[in-house]
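Take a look at the structure set out below.
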Amino acid sequence: MGRQNSLNQDSPPGIQSVQSESSSPGRSPWLWVPSLYFTEGLPYVIAMTISVVMYKRLGISNTEIALYTSWLYLPWVIKPLWSPFVEMYGRKRSWILLMQLVIGASLACIALTVPAGRFFQYTLAFFWLMAFSSATHDIAADGFYMLGLRQDLQAAFVGVRTLFYRVATIAAQGGLVILAGQMEGANGIVRAWSVSFFACAIVFLLLCGYHFLVLPRPALDRPAPQSSRNLLSEYLRIISLYFQRKDIIAVLAFFLFYRFAESQLVKLIAPFLLDPRTAGGLGLTTSEVGFAYGTVGIIALSAGGLLGGYVIYRNGLKFWLWPMVFAMHLPDLAFVYLSQAMPQSLLLINCAIAVEQFGYGFGFTAYTMYMIMISEGDYRTVFYAISTGFMALGMMVPGMFSGWLQESMGYGNFFLWIVISTIPGFVVPALVRIDPGYGRRQTPSER
């Protein structure tokens, strides 16, 4: 019996019987955690990355692309403003299903307006609708995740949820871009992207139907208790609880500046890969970008995320914080190399992207677990939404000006600036406080 307990304790996440540890007996998290985070990742990647590739292929300038697509972060920035309503009214499960329907419809509308004369304005409007719906979906889905799993299993599954979030990225950033690239030659750029978005809308609506059937109904999934105060007072009370932490300045600094370099880099990776060599880019085709950045890169990023979740589960977040900080930022040097050496080899380009993305995936795990830690409490859905709102703000503002910086400096100097921009990412982790045991697997006596 003792040997069996030891084996169970040392088994990696997923080998133990997680089915009985969910809030919904009989419904394994493996049925819904992977698909839920695949569905959460898809619209975010489409808004933040696929829109960049599409607008680049449709002739929009880097300055306009970076500025207007960075504004699409706004719904994730301000989602804390309506997150208390998701907490107070309705079940998380119902919010998830409703938002998935709206997102699917938004994707179909983008497909319809790509051929329009004023496609830039129309498609941006529907990207905004999709982004607001996706941000609301995130509030409900992240709250649903925290209701369904114990703390140590939240750490164990953080790698799984990151993996399937990244699988969604591969499906969109790789599959969708490759599909559009393959169709561009025979059907033209406009029709290729229109058909690709129609296909994406169909997939998303099918996922909505799947979740209607498989999402559990946890006993804890119910509206938050409301006091006798009026709605506005209750709303303000819930929001204010988040900012009453003694270390709130350090918390917000971490959320805003840990990804300062990445917030600028992410907007210019695809344009750099697509731009001709005469403009300082690598001159790849749409399909080559879909494979290199959207497939190889995302597989490496997912592997980094899975490894990050596993090592935190073994040793705790505090133990791995600084290795993850270095892994997050040092690989940005890969783009300095690519912009200076301008290699012709697709293999070398893919390897450089894989190294940078693996480090980013491993380092971002610390950020995700810190957000979960900060969000613990009676209003975890709202608190997590506020945390992710500050995360989005830290991505939106620097990203808005990254296109202008790149066009002013050129790609070579811009990527050198990115390396300098990693300095805040090394400073803010020193300010945060983390329990040495947080995220580490629990022994039977600790449960």
Original post:
For atom CZ of Arg277, is the number of surrounding heavy atoms from other residues, nucleotides or ligands below 6.0 Å larger than 12?
Top reply: yes
Original post:
With a 4.5 Å limit on heavy-atom distance, are the side chains of Asp275 and Tyr411 in contact?
Top reply: yes
**OP:** Report the C-alpha separation of Val432 and Leu321 in whole Å, then their side-chain angles, then the decisive distance to 0.1 Å, and conclude whether the side chain to side chain contact (heavy atoms under 4.5 Å, CB included) test is met.
**Re:** CA-CA 10 Å; Val432 301; Leu321 176 62; 4.2 Å; yes
**OP:** Could you check Ile189, Val190, Val195 and say which one makes a side chain to side chain contact (heavy atoms under 4.5 Å, CB included) with Val114?
**Re:** Val190
Original post:
Within the side chain of Thr388, is there an N or O that forms a donor-acceptor pair under 3.5 Å with the backbone of Tyr384?
Top reply: yes
Original post:
Under 4.5 Å between any side-chain heavy atoms of Lys92 and Ile139, yes or no?
Top reply: no
Original post:
Side chains of Val427 and Tyr258: closer than 4.5 Å at any heavy-atom pair?
Top reply: no
Original post:
Do Asn62 and Lys56 have a side chain donor and acceptor closer than 3.5 Å?
Top reply: yes
Original post:
Any donor and acceptor pair, going by atom type alone, linking the side chain of Arg57 with main-chain N or O of Val52 inside 3.5 Å?
Top reply: no
**OP:** Please check if the distance between the ring centroids of Phe144 and Trp95 is under 6.0 Å.
**Re:** no
Subject >> Non-hydrogen atoms of Ser35 and His211 that approach each other most closely >> reply: OG-NE2, 2.9 Å
**OP:** Check the surroundings of atom OH in Tyr242: do more than 12 heavy atoms from other residues, nucleotides or ligands lie under 6.0 Å from it?
**Re:** yes
Original post:
Which residue pairs pass the side chain to side chain donor-acceptor pair (under 3.5 Å) test with at least one member in residues 105-131, sequence neighbours excluded?
Top reply: Tyr55-Thr123
Original post:
Is there a side chain to side chain contact (heavy atoms under 4.5 Å, CB included) between Trp193 and Ile50 once you walk through the steps?
Top reply: CA-CA 10 Å; Trp193 282 98; Ile50 304 306; 3.7 Å; yes
Original post:
Do we see a donor-acceptor contact under 3.5 Å between the side chains of Lys79 and Thr136?
Top reply: no
Subject >> Side-chain donor/acceptor of Tyr438 to backbone N/O of Met373, under 3.5 Å >> reply: yes
**OP:** Return the minimal non-hydrogen interatomic distance between Ala192 and Ala180, and the atom names on each side.
**Re:** CB-O, 3.5 Å
Original post:
Shortest non-hydrogen contact from Ala201 to Gly104?
Top reply: CB-O, 3.6 Å
Original post:
At what distance, to the nearest 0.5 angstrom, does CG of Leu338 lie from CD1 of Ile269?
Top reply: 10.0 Å
Original post:
Under a 4.5 Å cut-off applied to non-hydrogen side-chain atoms, are Phe272 and Ser339 in contact?
Top reply: yes
Original post:
Is any side-chain heavy atom of Phe401 closer than 4.5 Å to a side-chain heavy atom of Ser70?
Top reply: no
Original post:
Would you say Ser402's side chain and Gly399's backbone share a donor-acceptor pair under 3.5 angstrom?
Top reply: yes
Original post:
How about Phe164 and Tyr37: are their ring centroids closer than 6.0 Å?
Top reply: no
**OP:** List the steps, then state whether side chain to side chain contact (heavy atoms under 4.5 Å, CB included) holds for Thr365 with Tyr310.
**Re:** CA-CA 10 Å; Thr365 310; Tyr310 178 72; over 6 Å; no
Original post:
How far apart are the C-alpha atoms of Leu431 and Asp247, what are their side-chain angles, what is the distance that settles it, and do they pass the side chain to side chain contact (heavy atoms under 4.5 Å, CB included) test?
Top reply: CA-CA 9 Å; Leu431 306 177; Asp247 60 343; over 6 Å; no
Original post:
Relative to the ring of Phe364, is the ring of Tyr367 parallel (under 30°), tilted (30 to 60°) or perpendicular (over 60°)?
Top reply: parallel
Original post:
Roughly how far, to the nearest 0.5 Å, is the CG atom of Asp332 from the CD1 atom of Ile418?
Top reply: 7.0 Å
**OP:** Looking only at non-hydrogen atoms, find the nearest pair between Ile110 and Phe126 and report the distance.
**Re:** CG1-CB, 3.5 Å
Original post:
Can you check whether Arg259's main-chain N or O pairs, donor with acceptor, with Glu262's side chain at less than 3.5 Å?
Top reply: no
Subject >> Phe358 CZ: over 12 foreign heavy atoms closer than 6.0 Å >> reply: yes
Subject >> Cationic tip of Arg440 above Tyr313 ring, under 6.0 Å, 45° of axis >> reply: no
Original post:
Atom OG1 of Thr39 and atom CD1 of Ile96: how far apart are they, to the nearest 0.5 Å?
Top reply: 9.5 Å
Subject >> Closest non-hydrogen atom pair, Ile103 against Ser133 >> reply: CG1-CB, 3.7 Å
Subject >> Validation row: Ser302, Tyr165 side chains within 4.5 angstrom (heavy atoms) >> reply: no
Original post:
Donor-acceptor pair, Thr295 side chain versus Gly290 backbone, under 3.5 Å?
Top reply: yes
Subject >> Reported CD1-to-CZ distance for the pair Ile298 and Phe291, which is rounded to 0.5 angstrom >> reply: 12.5 Å
Original post:
Closest approach of Ser263 and Pro398, non-hydrogen atoms and distance?
Top reply: OG-CB, 3.1 Å
**OP:** Answer yes or no: is there a donor N or O on one side and an acceptor on the other, between the side chain of His329 and the main chain of Ile423, under 3.5 Å?
**Re:** no
**OP:** Anything under 30° is parallel, anything over 60° is perpendicular, the rest tilted; go ahead and classify Trp322 against Phe326.
**Re:** tilted
**OP:** Any chance you could measure Gln406, atom CD, to Phe415, atom CZ, to the nearest 0.5 Å?
**Re:** 7.5 Å
Original post:
Does the side chain of Val419 come within less than 4.5 Å of Leu333's, by heavy atoms?
Top reply: yes
Original post:
Which side chain to side chain donor-acceptor pair (under 3.5 Å) pairs, counting each pair once, include a residue from residues 414-428, with sequence neighbours left out?
Top reply: Gln264-Trp417, Gln264-Ser421, Trp417-Ser421
Original post:
Looking just at side-chain N and O atoms, do Glu40 and His137 make a donor-acceptor pair shorter than 3.5 Å?
Top reply: no
Original post:
When the ring planes of Trp82 and Phe132 are compared, do they come out parallel, tilted or perpendicular, using 30° and 60° as the limits?
Top reply: tilted
Subject >> Flag side-chain contact, heavy atom, 4.5 Å: Ile434 against Met369 >> reply: no
Original post:
Between Trp320 and Val311, is there a donor-acceptor pair closer than 3.5 Å when you use the side chain of the first and the backbone of the second?
Top reply: yes
**OP:** Look only at the side chain of Ser51 and the backbone of Ala47, and say whether a donor-acceptor pair between them is shorter than 3.5 Å.
**Re:** yes
Subject >> From CG (Leu112) to CG (Leu107), nearest 0.5 Å >> reply: 11.0 Å
Original post:
Between Lys267 (side chain) and Met48 (backbone), is there a donor-acceptor pair under 3.5 Å?
Top reply: yes
Original post:
For the ring pair Phe335 and Phe414, is the centre-to-centre distance below 6.0 Å?
Top reply: no
